[in-house]
Amino acid sequence: MTRTALITGASRGIGRATALKFATAGFEALGLVARESDDFTETVDDLRSTFDGEVIAYTADLGDRGAVIDIARRANVDLGGVDVLVNNAGYTNPVAIHQIEFADFERTMAVNLYAPFTLIQELLRSGNTFEVIVNIASTAGIKGRSGWLTYSASKAALINMSDVLREELSLYGTRVACISPGRTATDLRVKLAPDEDPTTIMQPEHVAEVIGMLLKPVGEFIDSENLVVRQ
Ligand SMILES: NC(=O)c1ccc[n+]([C@@H]2O[C@H](COP(=O)([O-])OP(=O)(O)OC[C@H]3O[C@@H](n4cnc5c(N)ncnc54)[C@H](OP(=O)(O)O)[C@@H]3O)[C@@H](O)[C@H]2O)c1
């Protein structure tokens with residue numbers, strides 16, 4: 001069976017590890033999304049050197065709804081439909097409530113919640129029914145943490161949205177998985193916990209391994225209702 005995937009936040013961390021994992025997972029074409037950067041160029045080049053199929057890079061700011069709609073439309077045409085969507089891109093600016101700028105709260109919601117929503121809605125409206133949607137939330141969305149208000153709230157909403165989508169899209173045979181990783185050694189984690197030694201915590205490849213497992217036939221038997229992945 002030919003399969004295509006679209007992965008957001010593919011330039012670094014969990015998204016990059018997932019893209020490299022998908023290179024050997026039987027896909028025909030992979031679409032990657034991130035803003036323009038040396039990291040993104042490197043990931044795309046690395047993937048092209050290991051993957052036989054087509055790699056299409058979409059550079060966009062996922063905080064911009066118009067750009068998200070554009071990616072959904074282009075990816076549907078370029079990839080010939082999206083079988084697997086991994087909504088992985090995430091943004092955080094951890095500050096105490098007194099310091100939160102409302103515009104930054106809106107940006108957090110735009111990247112972490114509205115972008116996944118918009119990609120899914122636009123692709124559905126184009127007639128694309130997915131095989132699997134994987135939304136990357138966080139354990140911070142299960143239990144809010146002091147100083148992480150905007151991030152925790154956005155991830156809680158993503159977990160809940162995934163529950164709704166799981167029920168609503170079962171009609172099409174679409175599996176909707178939500179994964180909540182715990183602390184993982186990436187740039188985003190450094191922002192949340194600058195003093196932590198990254199060698200002592202989970203690595204992005206571990207999360208990518210679990211995402212890969214969801215796509216295998218056995219994935220059908222995994223209860224994907226907010227799957228917690230942590231040490
Ligand atoms: N690391 C952890 O401990 C942890 C724990 C729980 C959940 N998570 C979640 O895991 C996911 C991946 O994060 P990560 O830990 O792998 O962090 P990361 O290494 O910092 O990667 C974040 C990714 O999101 C992309 N991104 C952020 N803002 C964007 C925007 N406005 N437009 C387009 N792309 C944007 C980044 O691309 P650019 O190159 O454009 O910046 C990058 O590819 C996130 O949803 C995060 O919340 C992480």
Side-chain angles (χ1 to χ4, degrees), residues 6-21 31-44 46-47 57-72 75 85-94 103-104 106-119 134-145 148 150-159 161-162 177-194 196-211 226-231:
L6 184 66
I7 305 166
T8 69
S11 59
R12 293 177 275 120
I14 294 167
R16 173 186 156 86
T18 302
L20 295 176
K21 175 91 199 154
L32 308 185
V33 186
R35 289 167 294 188
E36 199 169 341
S37 70
D38 290 345
D39 282 346
F40 193 32
T41 304
E42 198 180 311
T43 299
V44 171
D46 286 353
L47 192 57
Y58 299 97
T59 51
D61 182 345
L62 292 172
D64 174 350
R65 182 171 149 76
V68 180
I69 292 172
D70 185 53
I71 288 172
L85 172 64
V86 184
N87 281 310
N88 162 77
Y91 167 73
T92 186
N93 177 23
D104 191 62
E106 287 184 312
R107 178 163 181 75
T108 309
M109 295 304 273
V111 175
N112 295 357
L113 184 69
Y114 303 151
F117 161 78
T118 302
L119 281 176
V134 182
N135 293 327
I136 307 298
S138 169
T139 50
I142 303 167
K143 171 120 183 56
R145 298 278 304 273
W148 297 9
T150 56
Y151 182 68
S152 294
S154 72
K155 293 299 188 176
L158 184 61
I159 292 168
M161 185 174 84
S162 303
C178 182
I179 293 185
S180 280
R183 49 202 193 129
T184 312
T186 67
D187 291 356
L188 183 136
R189 179 67 194 175
V190 171
K191 239 177 162 182
L192 291 169
E196 189 174 60
D197 176 355
T199 63
T200 62
I201 60 174
M202 193 162 64
Q203 300 301 308
E205 291 72 22
H206 294 131
V207 183
E209 195 72 37
V210 174
I211 296 170
N226 199 24
L227 199 59
V228 175
V229 181
R230 69 174 152 206
Q231 271 173 316

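Every number for a ligand or one of its atoms is a count from 1 in the order of the listing.
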Element-labelled atoms of ligand 1 that are located less than 4.0 Å from some non-hydrogen atom of [X]:
X: R107; result: 31 (N)
X: G13; result: 16 (O), 19 (O)
X: R183; result: 3 (O)

| request: Answer yes or no: is there an ion pair linking D64 with R35, defined by an N-O contact shorter than 4.0 Å? | output: no
| task | Tell me, yes or no, whether the heavy-atom count around D38 atom CG, taken from other residues, nucleotides or ligands under 6.0 Å, exceeds 12. | result | no
| request: Verify the neighbour count for atom CD of E36: are there more than 12 heavy atoms of other residues, nucleotides or ligands below 6.0 Å? | output: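 Incorrect, the count does not exceed 12.
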Among protein heavy atoms, which sits nearest to [atom], and what does the distance come to when rounded to 0.1 Å?
atom: atom 42 (C) of ligand 1; value: S11 OG, 3.5 Å
atom: atom 16 (O) of ligand 1; value: I14 N, 2.8 Å
atom: atom 31 (N) of ligand 1; value: D61 OD1, 2.8 Å
atom: atom 25 (C) of ligand 1; value: G9 CA, 3.6 Å

| query | Which of the listed options, A193, S180, P198, A137, holds the heavy atom that is closest to atom 7 (C) of ligand 1? | reply |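 Among A193, S180, P198, A137, the closest heavy atom to atom 7 (C) of ligand 1 belongs to A137.
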| Proximity winner for atom 33 (C) of ligand 1, if only heavy atoms of A208, A89, A60, P181 are counted | A60
Touching ligand 1 at all, [X]? Heavy atoms, strictly under 4.0 Å?
X: D39; result: no
X: E36; result: no
X: A17; result: no
X: P204; result: no

| S11: side-chain contact (heavy atoms from CB on, under 4.5 Å) partners, not counting sequence neighbours | A34, S37, D39, F40
